[in-house]
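Everything below concerns the one structure shown next.
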Number of protein chains: 2
Amino acid sequence: MPPAHSSEEQFVLHWGEMSSRWGINRSVAQIHALLYLSEEPLNAEQISERLSLARSNVSNSLRELQAWGIVRVVHQLGDRRDYFESVSDVWDMFLTILEQRKRREVDPTTEMLRECVAQHEAQGRDAFALARMRSLLELLEMLAAWYGQMRSLSPASQRRVLKMGRKLTKIVGDVRPIRKGRRS
Amino acid sequence: MPPAHSSEEQFVLHWGEMSSRWGINRSVAQIHALLYLSEEPLNAEQISERLSLARSNVSNSLRELQAWGIVRVVHQLGDRRDYFESVSDVWDMFLTILEQRKRREVDPTTEMLRECVAQHEAQGRDAFALARMRSLLELLEMLAAWYGQMRSLSPASQRRVLKMGRKLTKIVGDVRPIRKGRRS
DNA sequence: CATTAATTTCTGTAATTACTGAAATAGCAG
DNA sequence: CTGCTATTTCAGTAATTACAGAAATTAATG
């Protein structure tokens, strides 16, 4: 075991703690953190040792990370074990996670809403509820459309949009940088 | 109880199912869904009945919804019970949730990263790990900056940015709407 | 100040989710 | 085919989280 609490370990540990807020489990997050900081790929055995996790747990967690698309398997010559490495580009990683979250969290919700709206229209009873469902659906569709367009830009342009910020303010012609007094 | 499986109920039920993906619990989601579809505010008793949940559960869930800022308490004249209603504007609701998630999920992570980077610099051992932590931190800070600027726009302008989409493509001067062949 | 209604806090239980260790499977080397 | 190593699946256990019901608190009314 490496010297207790190197700052790499700090990071791995903290990343693991954050995990619950992000809706993934600790093992998965810790493994990802470890791989992200590691210059060379690691195999399951090494990960299992470093983090004191059961091999089976490591195996499953690695599978999940691969499903998310942020960890890849690579091979060393003359070694038949699987080695794993994290996607290195943070922007790429961010987009990948965003895409996955959209797929898992937003898309099914949109689909469900569409069905609810359709069904509600058919039996057409409560106009108020219908209107509310519709505006929710509209929002989700607008967001999805925007996301789709951003995604169609080259990574370079995506970064550019992100860095534009202030300039956007002018383009969009906003005179009043409103100061919402809401809550607190 | 309304006729089994009106589409309002469908919505409430489905919303409850989605909840786990969104990282909140079923009761909270169901209550929010119910309030969102309800034209008039409801009190805890009514909610408890409608959804067959324990009063205490309803009470706690309502508190959580208020903490999220998407449900408010209102009062009827001559009735000392608390009545609750959902924020009605979906855009407002969206921003509120985004803000909260940033506060709970992103900000602490950023803070933690800053500490890790500082500490790592101090003891300055593994340059590779340090570089990776730095680029992660950079990304988070960039996103936070962008978010801050968007938030400073008036709601109207925010919507405008959202609807711009295609136009942004030109402003940002992207010629090649890249088609990333990544995965499937 | 006592009574009653409304709400919250607390405690135990149920349900879910995460994890381990053992057993099974897959795949390569001789 | 046989033995060996890496990986996965599975079944049981531990830990966490969600929830119900009772008890306690708060607040209003007469």
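Chain letters run A, B, ... following the sequence lines, proteins first, then strands; residues in each count from 1.
Atom CZ of B:R81 is separated from atom P of C:dA6 by 5 Å (rounded to the nearest Å). Rounded to an integer number of Å, the gap from CG of B:N43 to C1' of C:dT8 is 16 Å. Rounded to whole Å, the distance from CG on A:D79 to C1' on D:dA6 is 10 Å. In this structure, the CZ atom of B:R63 is 15 Å from the C1' atom of D:dA18, given to the nearest Å. Spacing between atom CD of B:E49 and atom P of C:dA6 amounts to 13 Å, rounded to whole angstrom units. Atom CG of B:D82 and atom P of C:dT8 are 7 Å apart (whole Å). Spacing between atom CD of A:Q46 and atom P of D:dT7 amounts to 11 Å, rounded to whole angstrom units. When rounded to the nearest whole Å, the span between CG of A:L42 and P of D:dT7 equals 13 Å.
A salt bridge (charged side-chain N to carboxylate O under 4.0 Å, His left out) check over residues 33-48 of chain A, counting only residues at least two apart or in different chains, returns the pairs A:E45-A:R55. Legend: salt bridge (charged side-chain N to carboxylate O under 4.0 Å, His left out) pairs involving residues 126-150 of chain A, not counting sequence neighbours, sorted by first then second residue: A:R114-A:E141, A:E121-A:R134. Evaluation of the ring-ring contact (aromatic ring centres under 6.0 Å, His included) test over residues 90-110 of chain A, restricted to residues two or more places apart or in two chains, returns A:W91-A:F94.
Taking the centre and axis of the six-membered ring of A:W22, the NZ or CZ atom of B:R104 falls outside the cone set by 45° and 6.0 Å.
Applying the under-4.5 Å side-chain rule to Ile, Leu, Val, Met, Phe, Trp and Tyr, the cluster around A:Y83 extends to A:V74.
Annotation: salt bridge (Lys or Arg N to Asp or Glu O under 4.0 Å) contacts of A:R72 (sequence neighbours excluded): A:E85.
Here B:S59 does not reach the OP1 or OP2 of C:dT7: none of its side-chain N or O atoms lies under 4.0 Å away.
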Protein heavy-atom contacts under 4.0 Å, written 5' to 3' over nucleotides 11-30 of chain C as B (base), S (sugar-phosphate only) or - (none), form the string -------SSBB-----BS--

